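Down below is the structure, laid out as structure tokens.
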Amino acid sequence: MEPLFNIAGMLTAGSSLTAGMIYLLTGLQKDGEKVELIFGILSLSLFVYLMLPPVGFTVVDKAPYSNAIILKRVFIYAYYILLPWYIGLYSGYRKKNVSLAIGILLAINYCQMAFASMDSMKPVWLLVALIADTMILIYGIIAARWQIKNSEKSAGRWLMAAMIIYGSLLIPALINNLGDNFFAKWIGSKIFFPFHLHLLAFIVIMSIRLRERTSEKFRLEKELYSTDHRWSLLVRNMRLLLLELDNSGNLRRLNPYAISALAIENESDFLNKNWFDHFVPKSEI
């Protein structure tokens, strides 16, 4: 099992670095979205976790933990703390109290892990971690269902697929922990934590979906620009006085024909002036 985990770890690290750099830079742009920024940060957190020594997943998991393991796990906990926030932003089903509760539980759990003085304490903090992971699973499935029913069906299905993979690997981990390493003994392995293998699938699935989302956004912006351009041409060539006034009657914009018909030499001199005070006879106001 250990070679499989090492291969999966390196593949996950590469995917996380690529996704993290792309979406962190995209999210930091002026027109970037918060969902892209959060996804970029959690992807890079996962990359750092996998590249800190010992490189890859933490195969030897025995308390008390070294400072290297404690530092390394800061970043995997950061990933799971950010995950419910990402789910809320992506799906539109935002439950801040749920995300905060999961974050607080994981922060407490990290302290339990870091200060575990003996290996007999491991089942306690590991069970708390699995409870937090289960909360993320439930929240993710509910958010995906809500998204499918209320907004974007395609986007919701992508999230649902990611959460199904997440859950299919979490359930064996729960059974293994509650059953005194049931699966580990069954397959004759000293280690058994297939749950972390969902990370690669999640990063790849969400990266593809966010890329499609960006393409859709670009297509809609292009269509909007084309529509605005055609409308601007129509307004520019229309032989009617077209004016834009604010609620107080101040002039905000005129079309070329209005400028010509009113014999206006400098448009800026008339902008923000009251239309009724300067252009309309008092008898007709």
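A quick note: this is a predicted structure, and the numbers were derived from the prediction, not measured.
- A donor-acceptor pair is defined here as one N or O able to donate and one able to accept, closer than 3.5 Å; no such pair exists between the side chain of Tyr90 and the backbone of Leu210.
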Intermediate values then yes/no, side chain to side chain contact (heavy atoms under 4.5 Å, CB included), Ile70 and Ser66: CA-CA 6 Å; Ile70 292 172; Ser66 65; over 6 Å; no

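- The distance from atom CG of Leu197 to atom CD1 of Ile7, rounded to the nearest 0.5 Å, is 11.5 Å.
- Side chains of Ile87 and Met163 form a contact here, defined as non-hydrogen atoms less than 4.5 Å apart.
- The shortest side-chain heavy-atom distance between Leu105 and Asn109 does not fall under the 4.5 Å cut-off.
- Listed by first then second residue, pairs satisfying ring pair (Phe, Tyr, Trp, His ring centres under 6.0 Å) with a partner in residues 127-163 read Tyr93-Trp146, not counting sequence neighbours.
- Atom CG of Leu137 is separated from atom CG of Leu83 by 10.5 Å, given to the nearest 0.5 angstrom.
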Evaluate Val55 against Met10 for side chain to side chain contact (heavy atoms under 4.5 Å, CB included), listing each step before the verdict. CA-CA 9 Å; Val55 175; Met10 293 302 97; 3.4 Å; yes

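- Across Ser15 and Val204, no two heavy atoms sit closer than the pair OG-CG2, 4.2 Å.
- When side chains are defined from C-beta on, Tyr77 does not count as touching Ser45, because their heavy atoms never get closer than 4.5 Å.
- For the pair Ile76/Leu199, a side-chain contact is recorded, criterion being any heavy-atom separation below 4.5 Å from C-beta on.
- When all heavy atoms of Ser168 and Pro172 are compared, the closest pair comes out as O-CD, 3.0 Å.
- Summarising the geometry, atom CD1 belonging to Ile171 is positioned 8.5 Å from atom OG1 belonging to Thr134; distances are rounded to the nearest 0.5 Å.
- For Ala19 against Ser43, the heavy-atom pair with the smallest separation is CB-OG, 4.0 Å.
- Proximity of Ile136 to Tyr166: side-chain heavy atoms (C-beta onward) are separated by under 4.5 Å at one or more points.
- Rounded to the nearest 0.5 angstrom, Leu17 CG and Phe47 CZ are separated by 4.5 Å.
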Carefully, step by step, assess Leu174 and Leu170 under the rule side chain to side chain contact (heavy atoms under 4.5 Å, CB included). CA-CA 6 Å; Leu174 283 167; Leu170 174 61; 4.2 Å; yes

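- The CE atom of Met51 sits 11.0 Å away from atom OG of Ser16, with the distance rounded to the nearest 0.5 Å.
- Put simply, the side chain of Leu159 reaches to within 4.5 Å of the side chain of Ser91, judged on heavy atoms.
- Cluster membership for Val48 and Val74, using ILVMFWY side-chain heavy atoms within less than 4.5 angstrom, is shared.
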Using the side chain to side chain contact (heavy atoms under 4.5 Å, CB included) rule, take Val35 and Tyr86 through it: C-alpha gap first, then chi angles, then the decisive distance, then the call. CA-CA 6 Å; Val35 65; Tyr86 167 77; 3.5 Å; yes

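- Summarising the geometry, atom CE belonging to Met160 is positioned 9.5 Å from atom CD1 belonging to Ile142; distances are rounded to the nearest 0.5 Å.
- Across Arg94 and Gly88, no two heavy atoms sit closer than the pair CG-O, 3.4 Å.
- Residues Ile108 and Tyr80 do not share a hydrophobic cluster, defined by chaining ILVMFWY side chains whose heavy atoms lie under 4.5 Å apart.
- The pair Arg209-Glu152 counts as a salt bridge, with a side-chain nitrogen and a carboxylate oxygen less than 4.0 angstrom apart.
- In this structure, Arg73 forms no cation-pi arrangement with Tyr49, as its terminal cationic atom is not both closer than 6.0 Å to the ring centre and no more than 45° off the ring axis.
- Side-chain contact between Phe202 and Ile165 is absent, with no heavy-atom pair separated by less than 4.5 Å.
- Clustering ILVMFWY residues whenever any of their side-chain heavy atoms sit less than 4.5 angstrom apart, transitively, puts Ile104 in a cluster other than the one holding Ile138.
- In this structure, the side chains of Leu82 and Phe39 stay at 4.5 Å or more apart for every pair of heavy atoms.
- Of the residues listed (Leu37, Ile203, Ile81), the one engaging Leu42 in a side-chain contact (heavy atoms from CB on, under 4.5 Å) is Ile203, and it is the only one.
- Listed for the Lys72 side chain is a donor-acceptor partner under 3.5 Å among the backbone atoms of Gly56.
- In plain terms, the two heavy atoms of Ala155 and Gln147 that are nearest each other are CB-NE2, 3.4 Å.
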Using distance only, find each side-chain donor-acceptor pair of residues 241-249 under 3.5 Å and give its atom names and separation, not counting sequence neighbours.
residue : atom : partner : partner atom : Å
Asp246  : OD1  : Ser248  : N            : 2.9
Asp246  : OD1  : Gly249  : N            : 3.0
Asp246  : OD1  : Asn250  : N            : 2.8
Asp246  : OD2  : Asn250  : ND2          : 3.3
Asp246  : OD2  : Arg252  : NE           : 3.3
Asp246  : OD2  : Arg252  : NH2          : 2.8

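- Side-chain heavy atoms closer than 4.5 Å link hydrophobic residues (I, L, V, M, F, W, Y) into clusters, and following such links, possibly through other members, connects Met21 to Ile41.
- In the hydrophobic cluster analysis, where Ile, Leu, Val, Met, Phe, Trp and Tyr join through side-chain heavy atoms closer than 4.5 angstrom, Ile208 is grouped together with Ile205.
- In terms of heavy-atom proximity, Ile102 sits nearest to Ala132 at CG2-O, 4.4 Å.
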